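Computed from heavy atoms alone, side chains included, the values below leave out hydrogens, waters and symmetry copies. Not measured: the values here are computed from a predicted model.
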Amino acid sequence: MQNQYQANIKNRALFFPQVKGHQLKRKRTGFLFNFASMKKWLYIIGLIFLFAANTTAANADFLGERVEVAAKTGRQTFEIADGVRRAKAAQELGHTSIKAMDHTGKTFQVPLKDLYSPFKSSIDVSTPLNQFRYDRIYNGFKAGDALPPIYVSPGSRGVSIFDVNFIW
């Protein structure tokens with residue numbers, strides 16, 4: 001009986017090396033990654049995909065020409081924090097302005113020509129789900145529904161809402 005008990009403890013020690021009485025050393029198995037390094041690699045790969053997928057916004061002249069244009073014309077420009085699809089749908093339907101909200105909660109109308117998208121240079125409609133998301137907003141504007149305002153902050157980084165394209 002004791003031999004069977006010791007065999008069970010040895011088998012358990014293979015999976016749980018903290019079992020007392022057995023100093024079991026693990027051999028290196030030849031794997032390149034452990035959990036901690038895999039987590040770091042996934043973070044790095046995620047950053048690479050973020051910048052690779054958003055090349056137009058990453059290459060945009062954030063502080064150059066657009067700031068000068070806003071300064072020369074004297075008009076206030078805004079960066080879209082949330083609502084690029086709503087702004088693009090309004091532009092496609094021929095609207096000249098859209099309801100917006102700033103960080104203080106104040107709601108106002110913003111001309112579409114003064115809107116810039118700092119984070120999204122294109123709208124993905126290549127999958128049925130993404131197409132549905134855009135169509136729902138587009139059809140809501142077309143029907144005259146009251147959609148929530150877009151969230152904006154003063155600035156002119158990124159691409160104009162007129163330059164945001166679709167990924168089919």
Of all the heavy-atom pairs spanning [X] and [Y], show the shortest one and how long it is.
| X | Y | value |
| --- | --- | --- |
| Ala90 | Leu112 | C-CD1, 4.0 Å |
| Thr77 | Ser156 | OG1-CB, 3.3 Å |
| Val159 | Ser121 | CG2-CA, 4.0 Å |
| Ile98 | Phe141 | CD1-CZ, 3.8 Å |
| Gly155 | Gln76 | N-NE2, 4.2 Å |

Any chance you could measure [X], atom [atom1], to [Y], atom [atom2], to the nearest 0.5 Å?
| X | Y | atom1 | atom2 | result |
| --- | --- | --- | --- | --- |
| Arg75 | Asp114 | CZ | CG | 4.5 Å |
| Gln131 | Ile123 | CD | CD1 | 11.0 Å |
| Arg86 | His95 | CZ | NE2 | 14.0 Å |
| Tyr116 | Asp163 | OH | CG | 8.5 Å |
| Thr96 | Lys113 | OG1 | NZ | 9.0 Å |
| Asp124 | Asn165 | CG | CG | 11.0 Å |

Starting from [Y], can I reach [X] by hopping between I/L/V/M/F/W/Y residues whose side chains sit under 4.5 Å apart?
| X | Y | result |
| --- | --- | --- |
| Leu129 | Ile167 | no |
| Leu93 | Val84 | yes |
| Met101 | Ile161 | no |

For this session: Carefully, step by step, assess Ile150 and Val110 under the rule side chain to side chain contact (heavy atoms under 4.5 Å, CB included).
Result: CA-CA 10 Å; Ile150 64 172; Val110 176; 5.9 Å; no

Exercise. Do we get Lys106 above Phe108's six-membered ring, with its NZ or CZ under 6.0 Å from the centre and within 45° of the axis?
Worked result: yes

Problem set entry | Which residues share a ring pair (Phe, Tyr, Trp, His ring centres under 6.0 Å) with Tyr134, sequence neighbours left out |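 Counting only residues at least two positions away or on another chain, Tyr134 forms a ring pair (Phe, Tyr, Trp, His ring centres under 6.0 Å) with Phe166.
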
For this session: Determine whether Arg85 and Lys88 make a side-chain contact, defined as any pair of heavy atoms from C-beta on separated by less than 4.5 Å.
Result: no

Exercise. Are any side-chain N or O atoms of Glu79 and backbone N or O atoms of Arg157, one a donor and one an acceptor, separated by less than 3.5 Å?
Worked result: yes

Exercise. Does CZ in Phe162 sit with more than 12 non-hydrogen atoms of other residues, nucleotides or ligands closer than 6.0 Å?
Worked result: yes

For this session: Could you walk me through whether Tyr151 and His103 pass the side chain to side chain contact (heavy atoms under 4.5 Å, CB included) test, one step at a time?
Result: CA-CA 8 Å; Tyr151 294 98; His103 68 283; over 6 Å; no

Exercise. Looking only at side chains, do Thr127 and Asn130 share a donor and an acceptor under 3.5 Å apart?
Worked result: yes

Exercise. Checking side chain to side chain contact (heavy atoms under 4.5 Å, CB included) for the pair Lys99/Thr107: CA distance, chi angles, key distance, verdict?
Worked result: CA-CA 7 Å; Lys99 188 189 295 186; Thr107 305; 3.3 Å; yes

